[in-house]
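Have a look at the structure below, then the notes.
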Protein chains: 2
Amino acid sequence: MPLPQTEAPGRLQAELMSRGLRMTHQRRTILSVVETAKQHLDASQILRRARKLDPQVDRVTVYRTLKLLKRHGLVDELDLMHMQGEKHFYERRPQRDHIHMACLRCGKITEFESDLFDRLKGQIQRDCQFHIVVTRLEIGGYCAQCRSASKQ
Amino acid sequence: MPLPQTEAPGRLQAELMSRGLRMTHQRRTILSVVETAKQHLDASQILRRARKLDPQVDRVTVYRTLKLLKRHGLVDELDLMHMQGEKHFYERRPQRDHIHMACLRCGKITEFESDLFDRLKGQIQRDCQFHIVVTRLEIGGYCAQCRSASKQ
DNA sequence: TTCCTGTTGATATCGAGTTGCAATTATAGC
DNA sequence: GCTATAATTGCAACTCGATATCAACAGGAA
Ligand SMILES: [Mn+2]
Ligand SMILES: [Mn+2]
Ligand SMILES: [Zn+2]
Ligand SMILES: [Zn+2]
């Protein structure tokens, strides 16, 4: 039993349990991977990390769990400009939405929060009578380093 | 010869030719499909429409042409929340960027332009020293119709 | 502990998109 | 208009992210 049941349940686990969902060993493992990730991970990276904790976990369960988390609004899915293949990336939904910038040269991902973004969402809800559930603002371009590097 | 060579070249075609790219019959066909599309089309829809004009056109050529158009910043790629499968959708890049809202109930796609969005992009370029090449703001939620329909 | 139902793993399969390569063709130069 | 040549195409095979199926399993209420 690599993952003792007694560990403090993360927020993701608590969220799912409060919604009456069954908490399996595999789910706990996958949730802990998503929750402790310091970067944006794709499904196969999540699988690899989950297997380190519990070699039993199957690829299919990772996909099923990610779909579940998306459906409950607990993780967000990103393209990050599909810079290498068609994979999607996942991150815990933060308190406040943020913007993702992907550098088309070095691949670096930068996050950015902005009042203007919050106001824009407000405008959309008001002017379009559209009830926003999920937002995804992704920007491709060139980061500061790569800009100065390419100026000679 | 369903597509006479004498037809006025569309803007996409003119753009590509001005960049010194070869203008093949297949490309002309695919460009005309993309250019005249009234909705967001995925690759297989583009193929089907292109084949109506020239049954010779191959699936691979559609993908290659879309990649070319993306690389030249002439079309934008969208997920539209991946509501049915993993397809991507394409549209001619407009003068002014717009936002895409996808209704998670009826699937309707709504477009929206906003000064706040333009200002947000300006802020990002300034504050993050990030040179923006492409932006993609996609929002999932519930449209006005579906909201009132679900209120009993 | 029992029972029931939701969940899982193994496998096969789907389907969007890519690759390799020989045949074709656009176009620049004559 | 020809010719030469390098870009482009079509076909087939392939990659790989994601899904469907279904028997076996296990969470958790009673
Ligand atoms: Mn995508
Ligand atoms: Mn659009
Ligand atoms: Zn960079
Ligand atoms: Zn709707």
Side-chain angles (χ1 to χ4, degrees), chain A residues 1 3-6 9 13-14 16-31 33 40-48 50-51 53-72 75 77-90, chain B residues 1 3 5-6 9 13-14 16-31 40-48 50-51 53-72 75 77-90:
Chain A
M1 317 245 158
L3 261 191
Q5 312 281 44
T6 51
Q13 181 177 329
L16 283 186
M17 289 182 77
S18 78
R19 295 171 200 212
L21 284 155
R22 287 198 186 169
M23 193 45 51
T24 64
H25 186 197
Q26 293 92 327
R27 277 190 186 159
R28 244 189 297 269
T29 305
I30 295 166
L31 296 186
V33 169
H40 306 95
L41 302 178
D42 64 43
S44 68
Q45 291 174 308
I46 293 170
L47 174 64
R48 221 174 306 132
R51 276 217 221 257
L53 302 172
D54 174 3
Q56 271 291 66
V57 176
D58 193 83
R59 211 161 53 94
V60 178
T61 304
V62 169
Y63 282 115
R64 284 196 277 234
T65 304
L66 286 174
K67 185 175 265 187
L68 181 78
L69 290 168
K70 269 192 286 178
R71 201 173 341 116
H72 283 82
V75 304
E77 186 177 64
L78 303 167
D79 270 24
L80 300 182
M81 289 293 135
H82 281 310
M83 301 202 6
Q84 41 156 1
E86 299 296 304
K87 16 178 153 273
H88 289 116
F89 296 86
Y90 301 90
Chain B
M1 319 240 159
L3 260 192
Q5 313 279 48
T6 53
Q13 182 176 329
L16 283 187
M17 291 181 77
S18 78
R19 293 173 202 211
L21 284 155
R22 289 199 184 168
M23 194 44 51
T24 64
H25 187 197
Q26 293 92 326
R27 277 189 186 160
R28 245 190 297 271
T29 306
I30 294 166
L31 296 186
H40 307 94
L41 302 177
D42 64 43
S44 68
Q45 290 174 308
I46 292 170
L47 174 64
R48 221 175 305 132
R51 277 217 220 256
L53 302 172
D54 174 4
Q56 272 291 65
V57 178
D58 193 83
R59 208 163 56 91
V60 178
T61 304
V62 169
Y63 282 114
R64 285 198 274 233
T65 304
L66 287 173
K67 187 176 265 189
L68 182 77
L69 290 168
K70 268 191 286 177
R71 202 175 336 119
H72 283 84
V75 304
E77 185 178 66
L78 303 168
D79 270 25
L80 301 181
M81 290 294 135
H82 281 311
M83 301 198 11
Q84 39 155 5
E86 298 297 305
K87 14 178 155 276
H88 290 116
F89 295 87
Y90 301 90

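Here is the naming used below: chain letters follow the sequence lines, and residue numbers restart at 1 for every chain.
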Please report the shortest heavy-atom distance between A:Arg19 and A:His72, naming the atom on each side. NH1-O, 3.1 Å
Counting only side-chain N and O atoms of B:Thr61, is one of them less than 4.0 Å from OP1 or OP2 of D:dG10? yes
Report yes if a donor N or O on one partner sits less than 3.5 Å from an acceptor N or O on the other, where the partners are the side chain of B:Arg59 and the base of D:dG10; otherwise report no. no
Tell me the closest heavy-atom pair linking A:Glu77 and A:Tyr90, and the distance in Å. OE2-OH, 3.0 Å
Check every strand shown and say whether A:Arg27 touches a base, only sugar-phosphate, or nothing at a heavy-atom separation below 4.0 Å. sugar-phosphate
Is any side-chain nitrogen or oxygen of A:Ser44 closer than 4.0 Å to OP1 or OP2 of D:dC16? no
Would you indicate, yes or no, if C:dT18 has its OP1 or OP2 atom less than 4.0 angstrom from a side-chain nitrogen or oxygen of B:Lys67? yes
So if I take every side-chain heavy atom of B:Leu21 and compare against C:dT5, D:dG17, D:dT8, which nucleotide ends up nearest? D:dT8
Taking B:Arg27 for the side chain and B:Thr65 for the main chain, is one N or O donor matched with an acceptor at less than 3.5 Å? no
If an axis is fit to five pairs at each end of the helix from C:dT1-D:dA30 to C:dC30-D:dG1, what is the angle between the two, to the nearest 10°? 50°
Calculate the interatomic distance between B:Met17 atom CE and D:dA7 atom P; express it in whole Å. 17 Å
Could you pick out which residue, B:Val57 or B:Glu86, lies toward the 5' side of DNA chain D when each is mapped onto its nearest nucleotide? B:Val57
Residue met sooner reading DNA chain C from 5', once A:Leu68 and B:Ala43 are mapped to nucleotides: A:Leu68
What is the distance, to the nearest angstrom, from the CG atom on B:Leu66 to the P atom on D:dT8? 15 Å
Considering all heavy atoms, the nearest B:Leu31-B:Gln13 contact: CD1-CA, 3.6 Å
Let's see if you can work this out: which of C:dA10, C:dT18, D:dA7 has an atom nearest to the side-chain heavy atoms of A:Asp58? C:dA10
Quickly work out the B:Gln45 CD to C:dG15 P distance and round it to whole Å. 15 Å
Are any side-chain N or O atoms of B:Asp42 and backbone N or O atoms of B:Gln45, one a donor and one an acceptor, separated by less than 3.5 Å? yes
Find the distance between CG (B:Asp58) and OH (B:Tyr63) and round it off to the nearest 0.5 Å. 11.0 Å
Would one find a side-chain N or O of A:His88 under 4.0 angstrom from OP1 or OP2 of D:dA18? yes
When you measure from the side chain of A:Val60, which nucleotide among D:dC11, C:dA10, D:dG28 comes out closest? C:dA10
Heavy-atom pair with the smallest gap, counting every atom of B:Val62 and B:Ala43: CG1-O, 3.8 Å
To the nearest Å, give me how far apart CZ (B:Arg19) and P (C:dT27) are. 16 Å
Comparing B:Arg22 and A:Arg22 on DNA chain C - which has the more 5′ nearest nucleotide: A:Arg22
Kindly say if A:Tyr63 contacts the phosphate of D:dT19, meaning a side-chain N or O under 4.0 Å from OP1 or OP2. no
Respond yes when some side-chain nitrogen or oxygen of A:Gln26 is under 4.0 Å from OP1 or OP2 of C:dG9, and no when none is. yes
Closest approach of B:Ala50 and B:Thr29, non-hydrogen atoms and distance? O-CG2, 3.5 Å
Output the single nucleotide from C:dT8, D:dG28, D:dG10 whose closest atom is nearest the side chain of A:Arg64. C:dT8
